[in-house]
Amino acid sequence: MTNQYPPYLDKLNETQREAAMKIDGPVMIIAGAGSGKTRVLTYRIAHIIKQGIDPFNILSLTFTNKAAREMKNRIESVVGSEARNLWMGTFHSVFAKILRIEAEHIGYPKDFTIYDTDDAKSLIKTILKEYQLDEKLYKPGLVYNRISNAKNNLINSKDYKSIPELIEADASQGRPQIGQIFEAYQLRCFKAGAMDFDDLLLNTFRLFKGHPNILFKYQHKFKYIMVDEYQDTNLCQYMIVKKLAASHENLCVVGDDSQSIYSFRGASIQNILNFEKDYPDLATFKLEHNYRSSSNIVNASSSIIAKNKEKLHKNIFTENEAGEKINVIKALSDNEEGRFVAQMIFEEKNQKQLQNSDFAILYRTNAQSRSFEESLRKNNIPYRIYGGTSFYQRKEVKDMIAYLRLVINPNDEEALKRIINYPVRKIGNTTIEKLTFVANQNQTTIWEVIKNIHLIKDFGAAAHHVRNFYMMMSNFQSMATTKTAYEVAETVAKSSGLVSMLKEDKTVEGVARYENIVELLNAIKEFTEDDTTENEKSLSLFLQDIALLTDADKETDDNNKVTLMTIHSSKGLEFKNVFVVGLEENLFPSQLSLNSRQELEEERRLFYVAVTRAEEKLTLSFATSRFKYGNLIPCEPSRFIDEIDKQYLDFTHAQRSSNATLFKPKEETNNYGKGYGMNVGRMISNPLPTIKTSANFIPSDNQLIKVGDKVEHQRFGMGTVISVEDTGENKKATVQFIETGSKTLVLKFAKLMIHS
DNA sequence: TACTAAGCTCTTTTT
DNA sequence: GAGCTTAGTA
């Protein structure tokens, strides 16, 4: 390899540069956390453009649209404005764009609707009702997951019904009809001119598979292809990429097996292994130098991931200073955890002159955000929550969007059902059911039935109301052919009665809802008037855009806020100061992810992702009790805390005495506090009667326990080891507990934590 | 058809 | 605690 390289690559280290300059042929970049992966991708693309390749011929698939936008800007600063022509975005958004162009070849309208998860589940519910299946047995969410999994593995409804393993699996669970539901679901989506998230991928695959000429077109268009976060792609995505790259084979995938956290979505480490098999002349680069975090954090994270059996060999190192130790915090409840964290942010901010945006609170589940929101608000610390219910998920916004969807695609059944009687127009459930029935009988859509309602006798008075609705909607539709997206939306908002209804509601929530509609209209206006791109600005495109928009994509004017998000959505981000909270058994690792070693290892990778977000300071916290469905339940610290090499941890804040600290669940308090919302648990001095026994919180290596160690037991509190005995079968330790006296514990089962 | 109160069921992560 | 469904009433 030559030592000569273009000056714009001088910000890269040697391996990074080699990876950026190897632009021809298949390339795999294994990039550890904080190793400058985005930087390599950015400069690699810039380098390709500098070689005279038209940006139009480069496809880069990223994890979020925001990441794509940021990368584009950075590339632009190296190569100039032509970078704007790059094809960059998420799998879903890029393929939606292609499908929009090629829709007719697979029988879809150009303006197809994108069903989100709610739409999909609602459609499944309707189908269940029509088939008279038990909604308790065929839970819509579960059925949706089965269908989604199948699609991600390139199995269509016909295949599904002919694969013995799937038939058996469903039958053994007492759900033999999933195949049928799948088929009906697919048909209904197709008739409605709608695709769900998985269809965007599956239909792209089908398009390329069934139309070699179209595949050929895109193969030649995309001369260079890059895939970021490759460890999180599923089979369908993998196959599409493979097809697209087949003629040039200038394919570069970037990923980190240690950060693979989306197997529930069909992602598989197998894709990395397959990649090596499919492209024997592959060039592999390993980025192992962590530039992001202090060496304490880097080393601690390595000690975590070392516990996983399934991983590629990597040797992550850093030249950064040791930094502070990782703080472990014990709180008595989720509320106290919130207060602690808010207080620590407040103090750190003042001590070290940090910005709010230097802090992030990361949790396993969205529901955990509540206690942090409360305490941050009390401390006047601005924060922003990512995920959860985003702007476009709010009811009133979805209602308004449903109208617009229906204007663009009148066959969109889910949109129609959502708003046909909202605001109330005297078209009740009975009428809607009748309409659906007639539509199904005549192999047509509800809209067609509505259109011809006057030809059908048995609708009685309802026919009149339906007719009115039809007139209104077709008015909007004809308007959409001549007016701008904003003009249409404004008219819809006013004439549909939606806005006037919301205006009447003077409650705080009502006003907020009204303001959200105004904000939506503004967003449409902005979209319509955006002259920075040459793209078309139709209402239809706006709808497709926002269907694939995630919370992380949204820009805000004031960015100096503490970030609250799930660990999943924190991937790819970094913060000076990170709090990983709720480190309790059954929460993190999740109770639902303890069925196999593979599942536990994925949870561990998730923990690894969380820890490696931190640059300078990391705090881990757990609570000993937590609200769950309104009841306070006892919690044990997560095994993950125990798995970290102790030399990197600081337990100062975890050792506070836990006298009289257990809360009695609300249920058992004679209705004390009933109706008062939170904090209704009553403090009691006795331990709770039972704590579910588990072998979860054993020391990572119980050889480590030795006489004189200070240990903490979930139930018995702090103590000192007075003897250790090995019976051959079991290792036992006798511990003198401060509060309850001495106990002999079988280490295999004991829930002990060693304090350094 | 619309509204209200009571009752039931939830447990994960995302495009 | 929240969101949803159901039963009963206006």
Side-chain angles (χ1 to χ4, degrees), chain A residues 61-65 89-96 114-118 120-122 125 135-136 139-141 144-145 148 151-152 195-202 229 232-234 236-237 260-267 334 362-368 370-371 386-390 392-393 395 421-432 461-462 465 544 546-553 565-571 582 586-595 599 602-603 605-607 609-610 626-633 666-667 673-680:
Chain A
L61 297 163
T62 55
F63 197 65
T64 62
N65 292 310
T90 60
F91 271 92
H92 288 86
S93 67
V94 167
F95 295 141
I114 297 172
Y115 274 179
D116 66 13
T117 315
D118 287 343
K121 283 186 192 161
S122 146
K125 267 190 201 170
E135 232 181 74
K136 302 255 157 67
K139 286 181 194 151
Y144 177 72
N145 281 341
S148 170
K151 287 185 191 169
N152 285 331
M195 297 190 201
D196 67 17
F197 290 135
D198 303 310
D199 287 333
L200 293 175
L201 305 176
L202 186 62
E229 306 287 4
D232 289 327
T233 54
N234 59 39
C236 188
Q237 293 168 318
S260 167
I261 52 175
Y262 280 101
S263 70
F264 69 93
R265 210 164 78 180
D334 47 357
L362 307 180
Y363 36 74
R364 176 70 237 267
T365 67
N366 284 307
Q368 284 166 258
R370 200 216 70 226
S371 61
Y386 293 78
T389 40
S390 71
Y392 290 104
Q393 309 264 29
K395 185 191 174 304
N421 198 33
Y422 188 84
V424 187
R425 330 192 147 76
K426 305 199 165 163
I427 306 173
N429 280 336
T430 0
T431 311
I432 296 171
H465 301 130
Q544 289 207 359
I546 60 166
L548 297 173
L549 209 61
T550 62
D551 230 22
D553 295 327
M565 54 167 59
T566 62
I567 302 165
H568 279 91
S569 22
S570 76
K571 195 162 56 112
N586 298 334
L587 180 59
F588 191 19
S590 159
Q591 194 174 8
L592 299 170
S593 303
L594 294 172
N595 301 315
E599 284 183 1
E602 175 147 328
E603 291 286 302
R605 290 194 291 270
L606 194 57
F607 186 49
V609 168
R626 176 175 295 277
F627 270 99
K628 206 174 184 184
Y629 305 138
N631 296 323
L632 208 52
I633 52 139
K666 188 170 74 171
E667 274 183 340
K674 199 177 180 186
Y676 290 93
M678 283 142 330
N679 287 325
V680 292

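Order of the sequence lines sets the chain letters (A, B, ...), proteins ahead of strands, with each chain counted from 1. Reckoned from all heavy atoms, side chains included, excluding hydrogens, waters and symmetry mates. Keep in mind the model is a prediction, meaning the values are calculated, not measured.
- Between A:I633 atom CD1 and C:dG1 atom P there is a gap of 15 Å when expressed in whole angstrom units.
- Among the heavy atoms of the strands lying under 4.0 Å from A:T431 are primed sugar atoms or P, OP1, OP2 only; no base atom is included.
- Within the 4.0 angstrom heavy-atom criterion, only backbone atoms of the sugar-phosphate kind lie near A:K139; the bases stay farther away.
- Atom P of nucleotide B:dT11 and atom CD of A:Q368 are separated by 15 Å, given to the nearest angstrom.
- With the nearest nucleotide of DNA chain B identified for both A:S590 and A:T90, A:S590 has the one nearer the 5' end.
- Rounded to an integer number of Å, the gap from A:I261 CD1 to B:dT14 P is 9 Å.
- Taking a centre distance below 5.5 Å and an interplanar angle below 30 degrees as the stacking criterion, A:F264 does not stack against the six-membered base ring of B:dT12.
- Taking atom P in both B:dT13 and C:dC4, one finds a spacing of 15 Å when rounded to whole Å.
- In this structure, A:D232 and A:F91 have side chains that are not in contact, with every pair of non-hydrogen atoms separated by 4.5 Å or more.
- Within 6.0 Å of the NZ atom in A:K395, the count of heavy atoms belonging to other residues, nucleotides or ligands exceeds 12.
- Atom CG in A:N152 sits roughly 11 Å away from atom C1' in B:dT14 (whole-Å rounding).
- Closest to the side chain of A:Y262, out of B:dT14, B:dT11, B:dA2, is B:dT14.
- Within the 4.5 Å cutoff, the side chain of A:F95 has no heavy atoms near those of the A:M195 side chain.
- Side chains of A:L61 and A:T233 form no contact here, defined as non-hydrogen atoms less than 4.5 Å apart.
- Checking B:dA2, C:dT5, B:dT14 against the side-chain heavy atoms of A:K125 singles out C:dT5 as nearest.
- Look at OH on A:Y422: it is 12 Å from P on B:dA2, rounded to the nearest Å.
- Between the CG atom of A:L200 and the CD atom of A:Q237 there is a distance of 11.0 Å, given to the nearest 0.5 Å.
- Note: A:F588 and A:F607 have perpendicular aromatic rings, judged against thresholds of 30 and 60 degrees for the angle between ring planes.
- Protein atom CD of A:Q591 is 14 Å distant from nucleotide atom P of B:dC10, rounded to whole Å.
- Within the nucleic acid shown, A:T117 comes within 4.0 Å of at least one base atom, counting heavy atoms only.
- Rounded to whole Å, the distance from CZ on A:F588 to P on B:dT12 is 15 Å.
- Two residues, A:V424 and A:F197, neighbour DNA chain B, and the one matched to the more 5' nucleotide by heavy-atom proximity is A:V424.
- Protein atom NZ of A:K628 is 13 Å distant from nucleotide atom P of B:dC10, rounded to whole Å.
- Contact check, A:T566 against B:dT14: a side-chain N or O comes under 4.0 Å of OP1 or OP2.
- At B:dT12, none of the side-chain N or O atoms of A:N366 fall inside 4.0 Å of OP1 or OP2 (strictly under the cut-off).
- Counting non-hydrogen atoms under 4.0 angstrom, A:K395 reaches nothing in the nucleic acid.
- Note on A:N421: only backbone sugar-phosphate atoms sit closer than 4.0 angstrom, heavy atoms only; bases stay farther off.
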